[in-house]
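Lettering follows sequence order; numbering is per chain, from 1. Here the structure is a predicted model, which is why all the values come from computation and not from measurement.
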Amino acid sequence: MLYGIHWDLSNSWTFAASIIPILLIGMKITVLATVFGFLIALVLGLVFALMRSAPMRIVSWPTRFVIEFVRDTPLLIQLYFLYYVLPDVGLTLPALETGIFALGLQYSAYTSEVYRAGLDAVPQGQREAARALNLGTMRTFRDVIIPQAIPRIVPALANYLVSIIKDTPILSAITVLEMLGVSQIIGARTYRYMVPLTMVGILFLILTVIAATAVRYLENRLPRAGIPLK
Amino acid sequence: MKPIVTFEKVTKRFDDDTVVLDDFDFEIQPGERVVLMGPSGSGKSTVLRILMTLEDIQEGVVYIEDEPLWHEKRNGSLAPASEKHLHKMRGNVGMVFQHFNLFPNMTVLRNIIEAPIHVLGLSRAEAVKRAEELLDQVGMSAKRDAYPNSLSGGQKQRIAIARAMAMRPKLLMFDEPTSALDPEMVGDVLEVIKDLASEHDLTMLIVTHEMGFARDVANRVCFFCDGRILEQGEPEKIFTAPTEQRTQQFLRMVLKE
């Protein structure tokens, strides 16, 4: 029994059917961690990208260091650090929030590169034309650069969405009961691992396929020339 | 009459230490239509790009009317210009690029009204009215709601001209406006520029290799070589009786093409 739900061990099929509601509770956490982790990555990544391309070196260099540091150290270490070390300095977050933040931070290092590449890929002539028309920096970004960068950025971001889904099981390392964590408990209590683990695999596959399909749909609908302005 | 553009002992070096302009002096009078010609890499486009504030300068002073472009007067001496000063000065100048550089995510109309609305502070209605007049002048009214990628090169360049004109610059510059076009498009674009020249008493600075066009439109042709003006004068004189050997060579080459 887990979360008050009993399993039926008569055979593999009844077992599988009976643990579905339990796994779905875990899936809720997986989806939560993915959605919020990805949102953090989208926003923080943009902030990193802009700070990194700032003209002042006192801003751009430390940002670059932080991005490299986050990107080149394992997520698991960052996770442990946030969860076990930060409370020593008085910063205690619940496990799920810590996990979401760690995922978001790690992926913001990736997404910042995606943003940067997307912004750089807008031809220089566009910036020059905007300057010749005396458009300000903000206006140039808003109406010229960002609308043209988005179709280049979205496909790459999408890959990271799929990838972040697949990274959520790492949260079980800090006691977050997402899908994999739940299935492990089921396995440990029933001594049957094959059914719950297979089902978790299938559920992950369903999640990633849904995400990838949604993103491909969006991608196909994005005009190549940029978000149109009338 | 005081010149609209003055280059005073201007030196432009790129980061790799190539000197493009060295101690360069140059003036344009209001209403003048000047054509710059010469071999590629001789610094013609750089002159335009400096005036458009796309390239800075290392030494000397550039004036637009009485005001230094790349400097500000502070406590009686000249200090490097702030972005605010550049923004103010840029309003005097417009530019048409070789590769048009239209905004592909905007309709033709939006390309033209974007800056008048957000920079000049025109209302949308005023900006649209201005844009429609210009579209009519360049013969592109029918394409008002089209996106640039659906247009030919010649059509794009006519839109780009309308877009630059919509800002009502005192000086309009053309950087090889026809050299990225298919040959059959060149005539249309040059015709549009000639019409503008005759209808508005706009000061124009044009980099082009089109000699026939230069002859029709320019009051003065400057032959540019190695970052300085080797020879200049009325088009008739430069084209029929150039005195410098390099000019003669260049003209022979261009005519052969």
Side-chain angles (χ1 to χ4, degrees), chain A residues 46 49-51 53-61 114-157 218-230, chain B residues 45 48-49 51-55 83-84 86-121 124 128 144-150 156 159-160 163-169 171-173 175 180:
Chain A
L46 185 58
L50 294 177
M51 281 171 68
S53 56
M56 291 88 68
R57 281 191 182 162
I58 194 155
V59 177
S60 66
W61 283 18
V114 172
Y115 285 122
R116 202 171 62 97
L119 295 175
D120 284 354
V122 176
Q124 187 59 24
Q126 294 291 306
R127 287 164 219 265
E128 291 186 351
R131 198 165 155 89
L133 290 168
N134 225 348
L135 293 172
T137 313
M138 291 308 277
R139 180 57 64 180
T140 302
F141 262 91
R142 219 187 95 175
D143 289 357
V144 179
I145 308 294
I146 291 178
Q148 292 184 55
I150 285 175
R152 302 164 210 252
I153 288 173
V154 167
L157 286 183
L218 181 65
E219 200 181 314
N220 287 335
R221 299 200 47 158
L222 282 177
R224 290 247 171 139
I227 307 301
L229 297 178
K230 289 220 181 258
Chain B
S45 295
L48 270 56
R49 292 174 61 81
L51 285 168
M52 198 64 259
T53 70
L54 300 174
E55 303 280 356
E83 181 52 40
K84 199 176 151 208
L86 291 176
H87 183 81
K88 189 187 92 190
M89 296 302 289
R90 231 180 263 134
N92 296 308
V93 190
M95 181 156 173
V96 173
F97 295 87
Q98 182 179 0
H99 296 286
F100 336 121
N101 300 357
L102 292 179
F103 304 129
N105 59 317
M106 300 184 195
T107 60
V108 162
L109 183 71
R110 177 72 188 250
N111 260 282
I112 302 174
I113 63 175
E114 172 82 6
I117 291 176
H118 296 299
V119 180
L120 304 182
R124 196 182 159 96
V128 168
R144 177 195 131 119
D145 296 315
Y147 283 89
N149 289 348
S150 67
K156 282 183 197 169
I159 303 298
R163 182 174 71 171
M165 289 285 292
M167 296 299 282
R168 305 252 164 100
L171 169 70
L172 186 56
M173 307 187 290
D175 188 8

Heavy-atom distance under 4.5 Å to chain A: side chain of Arg49(B), backbone, both or neither?
-> side chain
Of the listed Pro223(A), Ala225(A), Ala130(A), Gly226(A), the one with the largest count of heavy-atom pairs under 4.5 Å with chain B is Ala225(A)
What part of His99(B) gets closer than 4.5 Å to chain A, counting heavy atoms only: side chain, backbone, both or neither?
-> neither
Looking at side-chain heavy atoms only, is the closest gap between Leu133(A) and Val119(B) below 4.5 Å?
-> no
Is the shortest heavy-atom distance from the side chain of Arg90(B) to the side chain of Arg131(A) under 4.5 Å?
-> yes
Leu102(B) portion near chain A, given a 4.5 angstrom heavy-atom threshold = backbone
Flag side-chain contact, heavy atom, 4.5 Å: Pro228(A) against Met106(B) | no
Any side-chain heavy-atom pair from Glu114(B) and Arg139(A) closer than 4.5 angstrom?
-> yes
Of the backbone (N, CA, C, O) and the side chain (C-beta and beyond), which part of Phe100(B) lies under 4.5 Å from a heavy atom of chain A, both, or neither?
-> neither
Whatever's closer than 4.5 Å to a heavy atom in chain A on Val108(B) counts as neither
How many angstroms lie between atom OG1 of Thr140(A) and atom NE2 of His118(B), to the nearest 0.5 angstrom?
-> 10.5 Å
To the nearest 0.5 Å, atom CG of Asn134(A) lies from atom NZ of Lys88(B) at 12.0 Å
Any chance you could measure Arg127(A), atom CZ, to Leu54(B), atom CG, to the nearest 0.5 Å?
-> 13.0 Å
Do the non-hydrogen side-chain atoms of Asn105(B) and Ile227(A) ever get within less than 4.5 Å of each other?
-> no
Do the non-hydrogen side-chain atoms of Phe103(B) and Ile145(A) ever get within less than 4.5 Å of each other?
-> no
When you measure from the side chain of Asn101(B) to the backbone N and O of Gly125(A), does any donor-acceptor pair fall under 3.5 Å?
-> yes
Of all the heavy-atom pairs spanning Ala129(A) and Arg163(B), show the shortest one and how long it is.
-> CB-NH2, 3.5 Å
